[in-house]
Visitor: 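After the structure tokens below, expect a handful of questions from me.
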Number of protein chains: 2
Amino acid sequence: MAALPTVTDVALAAGVSRQTVSNVMNSPGIVRADTRERVEAAIAQLGYRPHASARRLRTRRSSTIGIRLDPMIDGISGSVLDRFLHALTEQADKRGLRVLLFTATSPEDEITQLQRLNDGADVDGFVLTSTFAGDPRTKWLIENGISFVTFGRPWGSNDMDDPQHLWVDVDGWAGLHQATRAAQEAGARRVGYIGWPSPSGTGEDRRRGWRDAMLERGDVSEDDLAALEVVTVDGVAEGTAAMQQLRRTVGILDAVLCASDSLALGAMIANPDRVPVTGYDNTPIAAAIGLSSVDQSVEEVAAGVLDLLTGEFNGRVHGSPESLEPRHRMVKPRLVLREFAAIPMDESA
Amino acid sequence: MAALPTVTDVALAAGVSRQTVSNVMNSPGIVRADTRERVEAAIAQLGYRPHASARRLRTRRSSTIGIRLDPMIDGISGSVLDRFLHALTEQADKRGLRVLLFTATSPEDEITQLQRLNDGADVDGFVLTSTFAGDPRTKWLIENGISFVTFGRPWGSNDMDDPQHLWVDVDGWAGLHQATRAAQEAGARRVGYIGWPSPSGTGEDRRRGWRDAMLERGDVSEDDLAALEVVTVDGVAEGTAAMQQLRRTVGILDAVLCASDSLALGAMIANPDRVPVTGYDNTPIAAAIGLSSVDQSVEEVAAGVLDLLTGEFNGRVHGSPESLEPRHRMVKPRLVLREFAAIPMDESA
DNA sequence: GGAATCTATTTGATCGATCAAATAGTTTCT
DNA sequence: AGAAACTATTTGATCGATCAAATAGATTCC
């Protein structure tokens with residue numbers, strides 16, 4: 001196998017200098033048209049590909065973004081992050097970026113990994129998922145001036161107006177507001193909600209979407225609302241228990257919304273009256289079972305993340321403080337309505 | 001921010017030469033103990049990290065493996081590959097390797113991507129998933145002498161004895177054989193099987209596991225067996241239909257095995273008699289619903305893939321033809337038995 | 001004692017690209 | 001016509017590491 005051609009080989013073949021070849025690839029505008037064509041022909045003819053590492057060494061940029069592959073959680077909700085990863089990889093590809101994976105066992109370990117990848121010039125920036133209030137990772141990245149964007153707003157102080165970093169998030173409030181509206185428009189009045197305990201910013205956001213839509217309607221009292229809500233940690237069994245509790249306290253329900261598909265799946269199991277149940281995340285399980293769900297449109301999130309990472313801010317907020325460019329993007333989720341075709345367990349074939 | 005320290009900085013601080021620093025990192029054995037300690041101290045003190053691209057440029061190896069992120073299939077079975085990806089990333093990390101993702105729209109496009117990553121020295125080798133008989137990708141990789149290992153045996157001619165490339169696969173036959181045995185030991189005689197149409201090597205492998213176990217038992221005739229089998233493409237709805245058909249033709253079933261969790265989930269839906277159903281892949285959905293399933297132990301597959309990729313063959317078969325090292329690894333799957341706790345749809349709370 | 005051998009460390013060259021500055025070649029302006 | 005301003009292209013240096021070969025220092029052997 002012949003050695004791979006280098007810029008010098010191409011330059012020789014095209015009768016120009018190395019730098020001109022480099023210019024054709026990186027700033028084609030400054031090369032005269034006929035020269036450019038000649039060089040391009042030589043590139044094609046020799047099958048030349050730039051050596052990525054050599055380029056990185058010189059330019060000090062890698063065109064690669066790092067993302068931590070979270071440990072599998074319960075596997076149902078976890079698939080949202082997998083879908084996001086797919087979308088991110090696809091979108092990154094379109095922009096000539098690569099995605100490098102890494103794992104970590106704890107936030108501290110993750111910081112070590114971030115440092116390793118950054119210092120080794122392996123990546124230009126990071127995408128962080130599953131951020132939480134007071135996340136040590138974002139703090140560290142900011143302090144070290146490293147580019148990054150989070151999927152998830154910085155829950156805490158002044159998220160929106162003066163963010164410490166760039167972020168993209170899905171408007172859970174809007175998702176549940178829309179889902180509640182849809183249920184109401186289908187005739188439901190007693191719309192239950194199974195959600196997560198309060199320290200969760202995400203959970204609180206979704207819960208308020210439901211509450212606000214219910215209160216706007218004006219046909220339920222605060223007391224009714226309290227009865228229509230069950231708080232529980234995430235999980236299928238927990239969803240079943242919550243549903244049973246709701247049915248016990250409320251009696252007849254017109255619809256139930258859940259903070260996740262795991263809970264919704266659980267709820268479906270204790271649902272002999274076939275009350276419409278809506279989940280969150282539009283996971284494969286929702287599609288398989290025929291469960292309405294709020295879809296996070298990970299494609300839009302991925303696009304937003306990359307826009308912020310490669311855009312004017314270049315993944316850093318403290319750089320250009322005067323800019324009017326948005327420093328975050330809020331993605332509207334999409335409600336996917338389904339008939340639960342798959343559920344009739346009691347009818348025989 | 002001060003510029004990152006380089007080998008030269010470390011050398012200066014430790015009072016040795018660049019190369020000695022390099023040796024401490026790459027062949028510590030040849031450096032005298034006290035010198036090594038001095039250098040290590042300097043490295044720690046300066047927080048030195050080798051510049052990955054510079055090293056790659058010189059050594060012509062990237063310590064990175066490429067893997068294509070398959071487009072989402074139905075999402076249920078697709079999660080096996082996601083789990084594999086998680087496992088691969090973790091195992092790679094332990095061996096100092098990185099995982100780079102890419103996407104492709106077709107096998108041809110994928111070859112273009114393989115070439116790009118290889119020529120750009122971005123990766124040392126590839127992991128291929130979802131291979132099929134006559135796969136153009138493996139052919140291309142072999143022709144170009146590029147390191148790779150496949151997850152999935154090369155269905156076709158002489159898989160086992162004279163493989164054209166290195167591979168790791170899960171023994172689907174053993175998985176279904178074991179599942180069938182388990183059902184039989186629990187008292188089942190009429191064990192149905194819902195599988196995939198025949199061009200699928202994987203499907204045929206699993207099917208034979210069931211058939212062989214049934215025939216070994218010796219209490220069913222060939223005719224019985226034919227009636228106990230339904231062939232269908234993958235999917236939840238298809239599983240439901242297949243289950244209905246089985247119940248129609250066989251009447252009373254003692255157990256049902258399926259070629260996938262998607263089919264098993266579907267089968268569960270048309271299962272008022274609560275016949276034990278076993279799926280394949282042990283996806284989150286199986287865990288959530290309480291479905292027995294055959295677990296592919298992706299961790300073992302990932303470890304095997306990396307062993308072959310970094311081992312004696314270095315991801316290439318044609319290199320050392322005399323070696324007695326195994327050229328493939330067959331992983332035994334593990335049967336996960338579950339009680340389907342979650343299914344009682346008809347009982348109210 | 002001096003050549004031969006081995007060990008530990010150093011020096012110069014190199015991987016393949018791009019940056020920064022220098023050089024031709026053109027056009028514009030007075 | 002000749003200086004100034006631009007355009008297109010080339011040359012030398014450099015990014016940070018490792019390779020290959022050279023050097024010094026310690027040991028062994030006859």
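Just so it is clear: chains get the letters A, B, ... in the order the sequence lines come, proteins before strands, and each one is counted from 1. Note that these values count all heavy atoms, side chains included, but never hydrogens, waters or copies made by symmetry.
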Visitor: By side chain to side chain donor-acceptor pair (under 3.5 Å), which residues pair with B:Thr129, not counting sequence neighbours?
Guide: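 With neighbours one apart ignored, the set is B:Asp70.
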Visitor: Where does the angle between the aromatic ring planes of B:Phe102 and B:Phe126 fall among parallel (under 30°), tilted (30 to 60°) and perpendicular (over 60°)?
Guide: perpendicular
Visitor: Using a 3.5 Å cut-off and no angle test, enumerate the donor-acceptor pairs between side-chain atoms of residues 3-15 of chain B and protein atoms at least two apart in sequence or in another chain.
Guide:
unit_1 : atom_1 : unit_2 : atom_2 : d
B:Thr6 : OG1    : B:Thr8 : N      : 3.2
B:Asp9 : OD2    : B:Thr6 : N      : 2.8

Visitor: To the nearest 0.5 Å, how far apart are CD1 in B:Ile30 and CZ in B:Arg36?
Guide: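 Rounded to the nearest 0.5 Å, the CD1-CZ separation comes out at 10.5 Å.
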Visitor: To the nearest 10 degrees, how far apart in direction are the end axes of the helix from C:dG1-D:dC30 to C:dT30-D:dA1, each fit to five base pairs?
Guide: 50°
Visitor: Provide the start and end nucleotides, 5' to 3', of the part of DNA chain D that has atoms under 4.0 Å from heavy atoms of chain A.
Guide: D:dA8 to D:dG16
Visitor: For DNA chain C, which residues in residues 45-60 of chain B have a heavy atom at a distance below 4.0 Å?
Guide: B:Leu57, B:Arg58, B:Arg60
Visitor: Using the ring pair (Phe, Tyr, Trp, His ring centres under 6.0 Å) criterion, which residues pair with B:Phe151? Sequence neighbours excluded.
Guide: B:Phe84
Visitor: Can B:Thr131 and B:Asp135 be counted as having a side-chain donor-acceptor contact under 3.5 angstrom?
Guide: no
Visitor: I need the residues from residues 18-28 of chain A with at least one non-hydrogen atom less than 4.0 Å from DNA chain D; give them sorted by number, or say none.
Guide: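 Correct list: A:Arg18, A:Gln19, A:Thr20.
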Visitor: My understanding is that only residues two or more places apart in sequence, or in another chain, count here; which of them pass side chain to side chain donor-acceptor pair (under 3.5 Å) with A:Asn118?
Guide: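 Per chain and number, A:Asn118 pairs via side chain to side chain donor-acceptor pair (under 3.5 Å) with no residue.
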Visitor: Among residues at least two apart in sequence or on other chains, which ones pass side chain to side chain donor-acceptor pair (under 3.5 Å) with A:Arg95?
Guide: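 Testing A:Arg95 for side chain to side chain donor-acceptor pair (under 3.5 Å), a comparison that skips the adjacent residues, returns A:Asp307.
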Visitor: What residues, two or more places apart in sequence or in another chain, satisfy side chain to side chain donor-acceptor pair (under 3.5 Å) together with B:Thr59?
Guide: none
Visitor: Please step through side chain to side chain contact (heavy atoms under 4.5 Å, CB included) for the pair B:Leu88 and B:Ile67, ending with a clear verdict.
Guide: CA-CA 10 Å; B:Leu88 187 71; B:Ile67 183 168; 3.9 Å; yes
Visitor: Anything under 3.5 Å between a donor and an acceptor, one on a side chain of residues 43-50 of chain B, the other on a protein residue two or more places apart or in another chain? List them.
Guide:
none

Visitor: Among pairs that include at least one residue of residues 23-35 of chain A, which meet side-chain hydrogen bond (donor to acceptor under 3.5 Å, both in side chains), considering only residues two or more places apart or in two chains?
Guide: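 Every pair satisfying side-chain hydrogen bond (donor to acceptor under 3.5 Å, both in side chains) with a residue in residues 23-35 of chain A: A:Gln19-A:Asn23, A:Ser22-A:Asn26, A:Arg32-A:Asp34.
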